[in-house]
Amino acid sequence: MCDGYFDGHVIECPLHQGAFDVRDGRAVSAPATRPMKVFEARVQDGMVQVRA
């Protein structure tokens, strides 16, 4: 997904062109049908922190 096309709140998979809403992981475009796992993240002191 790191090479995917990102627009607003949606990222598109560069391999299959399925799209997901990055806020909650839900699939928004075929061929994706299941939600993507998402993690809570924040930027603090210029560093991205991800809660796993």
Quiz item: Linking Ile, Leu, Val, Met, Phe, Trp and Tyr through side-chain heavy atoms less than 4.5 Å apart, which residues share a cluster with Y5?
Solution: none

Practice problem: Using side chain to side chain donor-acceptor pair (under 3.5 Å) as the criterion, list what pairs up with Q44, not counting sequence neighbours. | Solution: R42

N/O donor-acceptor pairs under 3.5 Å from side chains in residues 23-41, not counting sequence neighbours:
{"unit_1": "R23", "atom_1": "NE", "unit_2": "D21", "atom_2": "OD1", "d": "3.0"}
{"unit_1": "R23", "atom_1": "NE", "unit_2": "D21", "atom_2": "OD2", "d": "3.4"}
{"unit_1": "R23", "atom_1": "NH2", "unit_2": "D21", "atom_2": "OD2", "d": "2.7"}
{"unit_1": "D24", "atom_1": "OD1", "unit_2": "R26", "atom_2": "N", "d": "3.1"}
{"unit_1": "R26", "atom_1": "NH2", "unit_2": "D21", "atom_2": "OD2", "d": "3.3"}

Below 3.5 Å, can you tabulate the donor-acceptor pairs from side chains in residues 7-18 to any protein atom, sequence neighbours excluded?
{"unit_1": "Q17", "atom_1": "NE2", "unit_2": "P14", "atom_2": "O", "d": "3.0"}

